[in-house]
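Lettering follows sequence order; numbering is per chain, from 1.
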Amino acid sequence: MNKLEKMNDEHHAETFSSKILKWFNQHGRTHLPWQQQITPYRVWVSEIMLQQTQVSTVIPYFLKFMSAFPVLEALAGASIDDVLFYWSGLGYYSRARNLHLAAQKLQTLYPNELPKEVEQWVQLPGIGLSTAGAIVSISFDLPAIVLDGNIKRVLIRHFLLPGYPEQAALKKQLYSIAATLLPQLNGRNYSQAMMDLGAMICTKREPKCTECPIQTNCQAYIQHLQTQYPMVKPKKPIPKLSAKWLILLNKHHEILIQKVIDLKLWNQLWVFPEWPADKTMKDMRIQCQVNTLLILKKLPVFRHHFTHFSLDIEPIFAFTEDQLSKIEQNQQWDSTQWRWVSLNQPIHLGMPLPVKKLWVQLVQTDLSSIRHQAIKEAIQ
DNA sequence: AAATCGGGGAA
DNA sequence: TTCCCAGATTT
């Protein structure tokens with residue numbers, strides 16, 4: 001840096017953060033739902049929803065969630081079934097369970113006003129360092145470090161940092177760099193600006209470097225390596241699994257659903273009884289605690305994709321002649337785990353998306369005609 | 001350090 | 001199809 005540049009640097013102070021903030025004032029997003037009526041509660045909920053989930057997906061969920069639980073007290077006082085109902089289809093359901101739990105903790109620990117320290121927020125379930133930084137900076141307009149996927153990409157390219165973003169060493173390096181860049185003022189806009197820059201300009205594919213406010217200092221751009229960074233970790237092939245789902249209809253035109261308990265996937269959500277390949281029909285009958293079980297129709301197999309595996313689902317439509325009372329007399333019966341639900345009235349319970357979709361399909365189907373048809377065929 | 005958790009949307 | 005997105009938690 002020559003003398004003139006140094007003088008210019010000192011007097012006009014075109015720092016990293018000032019360029020970012022200036023860009024944000026002209027191009028940043030300011031009309032997202034959680035950017036209106038900013039409160040720590042609303043910011044917190046939005047940040048949890050936005051973990052691993054794109055903005056456009058989150059918006060309708062955020063609006064409905066806020067209508068149902070407008071303030072912390074409403075969320076803390078709600079049932080987990082109710083919370084999961086509003087989360088249904090959004091995925092990563094542990095986020096909703098942690099959100100609910102954290103709401104209750106917050107109410108106890110901070111009855112008057114929510115905390116302003118990152119250290120206090122990270123102690124709550126579901127809140128890591130980055131999310132805590134986002135909550136504090138955006139809620140209170142304080143300086144706090146956010147390091148989401150977007151910001152990591154901006155910094156990795158800008159400083160041409162080698163390694164995978166998942167690696168602890170790189171993460172540590174990123175926090176250190178982020179701390180030196182963090183301005184003492186405009187914490188809210190700076191956090192938002194960095195995220196917007198990553199989402200709108202410094203995109204994964206085809207970054208719009210010519211529109212970037214920090215283009216001239218970006219090492220990746222200077223060396224034409226912007227598409228090579230961040231480095232991509234090699235991925236493993238995903239396994240394919242299959243399962244059968246039992247859609248059991250009773251005499252009262254109700255369907256049997258089961259609450260998933262103590263499983264890693266879809267814990268506490270309501271699903272159709274699942275039938276693993278190694279189980280017999282008798283096992284299924286026992287599992288569902290019914291004496292009679294008549295298979296009416298096998299519905300077409302459909303595939304559901306997860307990040308780490310795919311699942312082929314074969315829905316089996318069946319009928320039981322058991323009286324409802326008989327089933328409920330069973331000592332094993334637990335109404336918190338099993339429920340007969342009428343197809344006609346919408347259920348206020350959490351269901352994962354493939355269950356939700358199948359449910360909608362069933363509502364539109366004339367089940368009794370299928371039942372009569374199947375019985376007729378059986379007789380012939 | 002690696003695995004795990006869901007679903008949407010872009011290309 | 002494949003990849004990845006405002007990550008955190010468990011193993």
Side-chain angles (χ1 to χ4, degrees), chain A residues 28-29 32-35 42-62 84 87-99 101-102 121-139 144-154 163-172 174-175 188 190-200 202-206 227 230-239 260 262-269 271 303-311 350-357:
Chain A
R29 295 177 289 193
L32 299 174
W34 43 91
Q35 293 177 314
R42 287 169 59 85
V43 171
W44 166 47
V45 172
S46 73
E47 287 303 326
I48 301 300
M49 286 188 172
L50 287 161
Q51 289 172 356
Q52 307 299 96
T53 311
Q54 293 180 348
V55 169
S56 57
T57 306
V58 165
I59 290 173
Y61 281 89
F62 180 80
L84 286 172
W87 206 274
S88 288
L90 196 53
Y92 280 97
Y93 297 94
S94 62
R95 292 183 297 173
R97 296 188 295 268
N98 284 334
L99 191 70
L101 189 58
W121 283 96
V122 290
Q123 288 174 16
L124 296 161
I127 301 175
L129 212 43
S130 176
T131 299
I135 294 169
V136 168
S137 61
I138 296 172
S139 299
I145 295 170
V146 184
L147 261 188
D148 64 12
N150 285 318
I151 299 178
K152 280 181 193 165
R153 192 172 52 248
V154 170
Y164 307 132
E166 300 83 4
Q167 287 178 321
L170 179 52
K171 243 181 264 184
K172 194 175 169 185
L174 285 167
Y175 269 101
R188 171 183 297 157
Y190 181 73
S191 289
Q192 196 66 60
M194 288 296 284
M195 292 191 279
D196 286 2
L197 191 65
M200 298 162 66
C202 198
T203 51
K204 177 65 189 169
R205 281 178 290 202
E206 297 180 35
T227 55
M231 293 179 176
V232 181
K233 203 175 160 184
K235 270 150 198 156
K236 296 164 85 175
I238 62 167
V260 178
D262 202 21
L263 288 180
K264 288 182 176 176
L265 187 68
W266 294 338
N267 188 21
Q268 297 194 55
L269 274 76
V271 298
R303 184 166 294 171
H304 186 72
H305 296 277
F306 298 86
T307 313
H308 45 297
F309 69 97
S310 70
L311 182 65
M351 296 192 300
L353 205 62
V355 177
K356 213 170 158 181
K357 283 180 179 169

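The phosphate of B:dA11 has neither OP1 nor OP2 within less than 4.0 Å of any side-chain N or O from A:Lys204. Side-chain N/O atoms of A:Tyr93 include one lying less than 4.0 angstrom from OP1 or OP2 on B:dG7. Distances shorter than 4.0 Å separate none of the side-chain N or O atoms of A:His308 from OP1 or OP2 on B:dT4. A:Thr131 has a side-chain polar atom (N or O) that falls below the 4.0 Å cut-off from OP1 or OP2 of C:dA8. For the pair A:His305 and B:dG7, the criterion of a side-chain N or O lying under 4.0 Å from OP1 or OP2 is not met. Dashed line: the shortest gap from a side-chain N or O of A:Lys235 to OP1 or OP2 of C:dC4 is under 4.0 Å. When the side-chain nitrogen and oxygen atoms of A:Gln54 are compared with OP1 and OP2 of B:dG9, none of them lie within a distance under 4.0 Å. The side chain of A:Arg153 contributes an N or O atom lying less than 4.0 Å from OP1 or OP2 of C:dC5.
Residue contacts for A:Val58: at a heavy-atom cut-off of 4.0 Å it reaches no nucleic acid atom on any strand shown. Residue contacts for A:Lys171: at a heavy-atom cut-off of 4.0 Å it reaches no nucleic acid atom on any strand shown. Residue-level contact check: A:Trp87 touches neither bases nor backbone, having no heavy atom under 4.0 Å from any strand. Base contact: A:Thr53 has a heavy atom under 4.0 Å from a base atom. In this structure, A:Gly89 reaches the sugar-phosphate backbone alone: every heavy-atom distance under 4.0 Å involves primed, P, OP1 or OP2 atoms, never a base.
When the P atom of B:dA3 is taken as reference, atom CD1 of A:Ile238 falls 15 Å away, rounded to whole Å. Distance, A:Tyr92 OH to B:dG8 P: 13 Å, rounded to whole Å. A:Lys233 places its NZ atom 15 Å from the C1' atom of C:dC3, with the value rounded to the nearest Å. Distance, A:Gln52 CD to B:dC5 P: 14 Å, rounded to whole Å. Going from atom CE of A:Met49 over to atom C1' of C:dC5 covers 16 Å, rounded to whole Å. Residue A:Leu170 contributes atom CG, which lies 12 Å from atom P of B:dA1 at whole-angstrom precision. Between A:Arg95 atom CZ and B:dT4 atom P there is a gap of 19 Å when expressed in whole angstrom units. In this structure, A:Ile127 atom CD1 and C:dA6 atom P are separated by 19 Å, rounded to whole Å.
Along DNA chain C, the nucleotide nearest A:Asn150 and the nucleotide nearest A:Gly126 are compared for position; the residue whose nucleotide lies closer to the 5' end is A:Asn150. When the nearest nucleotides of DNA chain B are assigned to A:Lys357 and A:Arg205 by heavy-atom distance, the more 5′-ward of the two goes with A:Lys357. Summary of the strand contacts: A:Pro352 and A:Gln167 both lie near DNA chain B, and taking for each the nucleotide with the nearest heavy atom, the more 5' one is attributed to A:Gln167. Summary of the strand contacts: A:Gln51 and A:Lys264 both lie near DNA chain C, and taking for each the nucleotide with the nearest heavy atom, the more 5' one is attributed to A:Gln51.
Using cut-offs of 30° and 60° for the angle between ring planes, the A:His304 and A:Phe306 rings count as perpendicular.
Between A:Arg205 and A:Thr227 there is no side-chain heavy-atom pair separated by less than 4.5 Å. Two residues are said to be in side-chain contact when any heavy atoms from C-beta on lie closer than 4.5 Å; A:Leu124 and A:Trp44 fail this criterion. By the 4.5 Å heavy-atom criterion applied to side chains, A:Trp121 and A:Ser139 are not counted as neighbours. A:Asp196 has its side chain out of reach of A:Asn150: every pair of non-hydrogen atoms, C-beta onward, lies at least 4.5 Å apart.
Rounded to whole Å, the P atom of C:dA6 lies 14 Å from the corresponding atom of B:dA11. The separation of C:dT11 from B:dG6, taken at their P atoms, amounts to 15 Å, rounded to a whole angstrom.
Side chain of A:Tyr61 to backbone of A:Ser88: a donor-acceptor contact under 3.5 angstrom is found. In this structure a side-chain-to-backbone donor-acceptor pair under 3.5 Å is present from A:Arg42 to A:Pro33.
Listed nucleotides B:dC5, B:dG9, B:dG7 differ in distance to A:Phe306; the shortest reach to its side chain belongs to B:dG7.
Residue-to-nucleotide contacts include a donor-acceptor pair under 3.5 Å from the side chain of A:Thr307 to the base of B:dG6.
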